[in-house]
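Have a look at the structure below before the remarks.
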Amino acid sequence: MTVKEEIIEVLSEMHPEVDDFESIKELVHGGTLDSLNIVMLVAELSERFDIEIPPQEVCYENFDTVAGLVAMVERLKAQ
Amino acid sequence: MDFSITSLYFFIFLAVLFPAYFLCPKKFRWITLLVASLVFFVLCSWKAIFFVLFATLTTYGASIGIFKIKNKEKAFLADNPEIEIDAKKAAKAKFKKQRKTFMVLGIVALVVVLAVMKYLDFLIGNVNAIIGWFDSSKHLSLVNLFLPLGISFYTFQAIGYLADVYWGKYEPEKNFFKFLLFMSFFPKIMQGPIIRYNEIAPSLFGGNDFDYQNFTDGLKRIGWGLFKKLCIANTLFVFTKFAFLDPSQISGFEAFLAVVCYFISDYCDFSGYMDIACGTALCMGVKLPENFNHPYFAKGIDDYWRRWHITLGAWFKDYIFYPLSISKFSLALGKKSKKIFKKHANKVPAIFGLIVVWFLTGLWHGASWNYVLWGLYFGLIIIFGIIVEPLFDKFYSKTKINKQAGWLNAIRLIRTLLLLAFGKILFETASLSGAFGFIAKLFDGNNYFGTTALYEHLGWASFVVAIVLSVAVLVVDIIQEKHPETTFLDKLRKIPLWIQWTLLILLIVCIVWFGYYGSGLPKFEFGYVVF
């Protein structure tokens, strides 16, 4: 599974009613992800990819789109 | 001298400041704001100036320390491009630790001053309670320190700034006096909003040119804030303060009216201040963040707290909730609780963060266990909502009920108002027993419709006028709730000019007649000033 596929899998577990996460350009701004979802997402991504997501990474730029999440995970994995 | 922001002196102050700001060369306009802010401090509470100076010096020093170490790290890595990965990681960790030391020292210094000035008597009271269990004749004396003006607000602002600089969100302000202006900018000093450096800096230091629309919009917002505070909040407070202080003197119906009046006056008081603060800043082109978004239309307690005192909620979310909920400790807590909570264990870190946030929110609102209880009351409702949400989702899915149906939202709105009512009663009566006593009064059938207290303390005329005027606030909020895409002032500009002028004159007449001149009722300080 690619990073993107895993992220979409985690998001789908949280919001099974959403069909296409990639088409949503404002996951946080648009209200799909609330602060509870963000914390759950951080916990899940930290465990799956064995990364540490510090508080400064919790921002719209990283969490508003699937692409932002993928870029953040790949950057933190490389560190 | 009464130098509150509803006083005549304040408007003389603004009448001097506005021309001075725009006549000053563009480059030095921020200095005008700094001088005005310091003068404002001196006129309001000269002793408080030493506390804001201490907070500014501490935060400025720590942020520059963080910045210098960051530069050292950059220089080290640039000078040693061939360094091995492990050595590079070790060097980065060393520099990070040094930066963290500066941040922690800065935050500790800020929190210690806030804790001493605001919470020392609370601590002594608790120590006395413990001593009293062993020896009732001994106790420590309370120190009764004065609460420096705006200390909770600028301390939070400074902590957020230090965290942002440490996280590398932006570079720190190098000019000490500009930083002092960021800390002490007078419109937001008493009750917020809690501002963020990166959001406010461009308009605060930019030397804004005179803009007719900004200026007139700012004046209109000041007027609207005065209307809410002077014509509605102050009037209704006369009755609510009495009713909550001594429920034995009121009837059941008056208790009900007191709750309704408190909803109105609490909102008009705090949002009225925000209108005056935002309007004052806007006159000079400085855009403060909004602190309210029609909170009484919220469909849940969590939604309400995203609409009431928005910048405080956002501050707690960014600087307490996330760092705590995604910390190694919280995530480990989540993992360990999997055995007990199974698939719901992934909510444990957030629930832990929420409990701490609401404990602190309560404590922030007052140095007393009653306020902690008040904060935890809201925290527990939100946590309960998180826990039962999947059950409700299953229910909606099985029954094919549309989650967003109008009737369902109406039920949610009423439920939120009822939960809020208990929170407000708890806040105003300042104890759990007092709150339950007040609720018992709501259902006390003895002379239920008596209105002696309302008549004696406020008078029917003042009460009716305040309620009628509050309908105007309700109408504006309904319009904005339904059509949030433009501001109310934008909407106002689209109606014929003669109607705009009529409304404006009516507003001024109301402020002068019911606010400053006519009622003869006592005036009340803004509620959040004491925080």
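Proteins come first, then strands; the chains are lettered A, B, ... in the order of their sequence lines, and each starts at number 1. Everything numeric in this text was worked out from a predicted model, so none of it was measured.
- Atom CG of Asp20(A) is surrounded by more than 12 heavy atoms from other residues, nucleotides or ligands within 6.0 Å.
- Only the side chain of Lys335(B) comes within contact range of chain A, judged by heavy atoms closer than 4.5 Å.
- In this structure, CH2 on Trp167(B) lies 11.0 Å from CD on Glu57(A), to the nearest 0.5 angstrom.
- Residue Val42(A) comes nearest to Ile326(B) through the heavy atom pair CG1-CG2, 3.6 Å, listed as atom of the first residue, atom of the second, then distance.
- Rounding to the nearest 0.5 Å places CD of Glu52(A) at 10.0 Å from OG of Ser327(B).
- A 6.0 Å sphere centred on CD of Glu61(A) holds no more than 12 heavy atoms belonging to other residues, nucleotides or ligands.
- The two residues Pro323(B) and Pro55(A) make their nearest non-hydrogen contact at CA-CG, 3.8 Å.
- The 12-atom threshold is not exceeded at CD of Glu84(B), counting heavy atoms of other residues, nucleotides or ligands nearer than 6.0 Å.
- By a heavy-atom distance cut of under 4.5 Å, Asn346(B), Lys347(B), Pro349(B), Ala350(B) are the residues of residues 345-360 of chain B near chain A, going up by number.
- Contacts of Ser46(A) with chain B are made by side-chain atoms alone, with heavy-atom separations under 4.5 Å and no backbone atom involved.
- Rounding to the nearest 0.5 Å gives a distance of 7.5 Å between CD1 of Ile386(B) and OG of Ser35(A).
- Heavy-atom distances place no part of Glu44(A) under 4.5 Å from chain B, backbone and side chain included.
- A 6.0 Å sphere centred on OH of Tyr170(B) holds more than 12 heavy atoms belonging to other residues, nucleotides or ligands.
- More than 12 heavy-atom neighbours from other residues, nucleotides or ligands sit within 6.0 angstrom of NZ on Lys169(B).
- Among the residues in residues 391-404 of chain B, none has a non-hydrogen atom closer than 4.5 angstrom to a non-hydrogen atom of chain A.
- The structure places CZ of Phe321(B) at 8.5 Å from CD1 of Ile38(A), a figure rounded to the nearest 0.5 Å.
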